[in-house]
Participant: 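Sending over a structure as structure tokens; questions will come in a sec.
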Amino acid sequence: MSHDAGSQLLAALRARLAADAALEALLGGPGRIHDGPPRDAALPYLAIDTVAGRPIGGVGLDLVEHEIVVSAWSRAGGKREALALADRVDLALAETPPAPEGHRLVSLRLDRRDARLARDRVTAIATLTFRAVTEAP
């Protein structure tokens, strides 16, 4: 398994989302995409919570399956803004999938989408779980 496939995929994912003007507008400006939920960050924001990988290739294949969890956080009242952010993330990645350096993105698929209110009953969190497969050249 290529050990840096996950970090290269994360970097490509962040770059792809940061380059999306429509997403940036929904977020209220640049700098609101984080590697996890930050402390005291201005809302709304996106958090890439998990990038977990496991080898799935066979002999002569260097394939890695990744689970990627992206969460949209909002306090705009209800779940509408968080869901709009999640929709834009899904659309942006479908329009132009990330291109991890040194690896080929074989597939990227949305596996699960959900939305909930946090314990404070004010913060809405929409979560997207993607499955990606990368291949080393």
Side-chain angles (χ1 to χ4, degrees):
M1 174 175 94
S2 181
H3 293 290
D4 74 339
S7 62
Q8 293 302 323
L9 181 59
L10 174 60
L13 178 72
R14 283 181 56 107
R16 171 62 192 106
L17 294 177
D20 189 84
L23 181 59
E24 184 177 287
L26 287 172
L27 288 168
R32 295 189 177 213
I33 301 172
H34 306 282
D35 285 337
R39 288 189 175 274
D40 303 321
L43 290 153
Y45 65 79
L46 295 179
I48 302 171
D49 295 322
T50 306
V51 178
R54 67 181 183 94
I56 60 170
V59 175
L61 292 175
D62 191 5
L63 296 175
V64 180
E65 180 182 57
H66 308 268
E67 181 180 84
I68 304 161
V69 179
V70 179
S71 300
W73 294 65
S74 169
R75 279 199 191 123
K79 299 174 193 166
R80 179 175 289 165
E81 183 179 55
L83 288 168
L85 287 164
D87 287 344
R88 185 61 212 167
V89 167
D90 186 26
L91 185 60
L93 296 177
E95 287 174 344
T96 307
E101 187 176 320
H103 302 273
R104 184 174 77 84
L105 183 66
V106 176
S107 67
L108 177 66
R109 180 183 83 224
L110 179 63
D111 270 350
R112 189 172 60 250
R113 175 187 168 179
D114 62 69
R116 64 183 171 82
L117 291 177
R119 288 184 195 172
D120 66 7
R121 307 300 295 161
V122 176
T123 306
I125 306 163
T127 303
L128 300 170
T129 303
F130 294 93
R131 178 188 174 273
V133 176
T134 58
E135 178 180 32

Participant: Determine yes or no for a side-chain-to-main-chain donor-acceptor pair under 3.5 angstrom, with Asp4 supplying the side chain and Ser7 the backbone.
Facilitator: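 No.
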Participant: To which residues is Trp73 joined in a hydrophobic cluster, defined by side-chain heavy-atom contacts under 4.5 Å among Ile, Leu, Val, Met, Phe, Trp and Tyr, whether direct or through other members?
Facilitator: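 Noted: Trp73 shares its cluster with Leu43, Tyr45, Ile125.
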Participant: Tell me whether Leu10 is reachable from Leu63 by hopping between hydrophobic residues (I, L, V, M, F, W, Y) whose side-chain heavy atoms are closer than 4.5 Å.
Facilitator: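 Per the 4.5 Å side-chain linkage, Leu63 and Leu10 are not co-clustered.
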Participant: The criterion is salt bridge (charged side-chain N to carboxylate O under 4.0 Å, His left out); which residues satisfy it with Arg109, sequence neighbours excluded?
Facilitator: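 Expected list: Asp111.
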Participant: Of Ile48, Thr129, Val51, which meets side-chain contact (heavy atoms from CB on, under 4.5 Å) against Val69?
Facilitator: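 Per the side-chain contact (heavy atoms from CB on, under 4.5 Å) rule, the option paired with Val69 is Thr129, out of Ile48, Thr129, Val51.
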Participant: Partners of Arg119 by side-chain contact (heavy atoms from CB on, under 4.5 Å), sequence neighbours excluded?
Facilitator: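 In terms of side-chain contact (heavy atoms from CB on, under 4.5 Å), with neighbours along the sequence ignored, Arg119 is linked to no residue.
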Participant: Can you name the closest pair of heavy atoms from Glu81 and Ala76 and give their distance?
Facilitator: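 Scanning both residues completely, I find the closest heavy atoms to be OE1-CB, 3.3 Å.
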Participant: Give the cluster check for Leu83 versus Val89: same hydrophobic cluster or not, with ILVMFWY residues linked at side-chain heavy-atom distances below 4.5 Å.
Facilitator: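 Result: no, two separate clusters.
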Participant: Decide whether Val106 and Ile56 are clustered together by the hydrophobic rule: side chain heavy atoms of Ile, Leu, Val, Met, Phe, Trp, Tyr closer than 4.5 Å, transitively.
Facilitator: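 Yes; Ile56 is reachable from Val106 via cluster members.
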Participant: Test of understanding: with ring pair (Phe, Tyr, Trp, His ring centres under 6.0 Å), list the residues that count as partners of Phe130, not counting sequence neighbours.
Facilitator: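 So Phe130 forms no ring pair (Phe, Tyr, Trp, His ring centres under 6.0 Å) with any residue.
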Participant: I'd like to know if Arg113 pairs up with Asp90 as an ion pair, taking the criterion as any Lys NZ or Arg NE/NH1/NH2 lying under 4.0 Å from an Asp or Glu carboxylate oxygen.
Facilitator: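 No salt bridge links Arg113 with Asp90.
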Participant: Are any of the side-chain nitrogens in Arg131 or Glu65 under 4.0 Å away from the carboxylate oxygens of its partner?
Facilitator: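 A salt bridge links Arg131 with Glu65.
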Participant: Between Pro37 and Ala47, which heavy-atom pair has the shortest distance, and what is it?
Facilitator: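 In this case the closest contact between Pro37 and Ala47 is N-CB, 3.6 Å.
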Participant: Identify whether Leu23 and Leu13 are in the same connected component of the hydrophobic contact network (ILVMFWY, side-chain heavy atoms under 4.5 Å).
Facilitator: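 Yes; Leu13 is reachable from Leu23 via cluster members.
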Participant: If you round to the nearest 0.5 Å, how far is CZ of Arg39 from NE2 of His34?
Facilitator: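 Here the rounded value is 14.0 Å.
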Participant: Nearest 0.5 Å, what's the CD-CD1 distance between Glu24 and Ile33?
Facilitator: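 If I round to the nearest 0.5 Å, the distance is 8.0 Å.
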Participant: Transitively linked via ILVMFWY side-chain contacts under 4.5 Å: Leu128 with Leu85?
Facilitator: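 Yes: a chain of side-chain contacts under 4.5 Å links Leu128 to Leu85.
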Participant: Among all residues two or more places apart in sequence or in another chain, which pass the side-chain contact (heavy atoms from CB on, under 4.5 Å) test with Ala132?
Facilitator: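 Ala132 satisfies side-chain contact (heavy atoms from CB on, under 4.5 Å) with Leu9, His66, Ile68, Leu105, Leu108 once adjacent residues are dropped.
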Participant: Quick check: closest heavy atoms across Val64 and Gly53, and the distance to 0.1 Å?
Facilitator: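 Here Val64 and Gly53 meet closest at CG1-CA, 4.1 Å.
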Participant: Do any N or O atoms from the side chain of Arg32 and from the backbone of Leu46 form a donor-acceptor pair under 3.5 angstrom?
Facilitator: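 Between the backbone of Leu46 and the side chain of Arg32 there is no qualifying donor-acceptor contact (under 3.5 Å).
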Participant: Just distance, no hydrogens or angles: give the donor-acceptor pairs under 3.5 Å from side chains in residues 93-102, sequence neighbours left out.
Facilitator:
{"from": "Glu95", "atom 1": "OE1", "to": "Arg88", "atom 2": "NH2", "distance (Å)": "3.3"}

Participant: So do Thr134 and Arg104 actually touch side chain to side chain, heavy atoms under 4.5 Å?
Facilitator: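 They are not in contact (no side-chain heavy atoms under 4.5 Å apart), so the answer is no.
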Participant: For the residue pair Ser71 and Asp49, what are the closest heavy atoms and their distance?
Facilitator: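 Looks like OG-OD2, 2.6 Å.
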Participant: Which atom names give the shortest non-hydrogen contact between Ala126 and Ala82, and what distance separates them?
Facilitator: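 Minimum heavy-atom contact is CB-O, 3.4 Å.
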Participant: Just wondering, do Asp120 and Arg75 contact through their side chains at under 4.5 Å, heavy atoms?
Facilitator: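 Arg75 vs Asp120: side chains touch.
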Participant: Please evaluate residues His103 and Asp62 with respect to the criterion side chain to side chain donor-acceptor pair (under 3.5 Å), reporting the C-alpha separation (whole Å), side-chain torsions for both, the decisive distance (0.1 Å), and the verdict.
Facilitator: CA-CA 10 Å; His103 302 273; Asp62 191 5; 6.0 Å; no
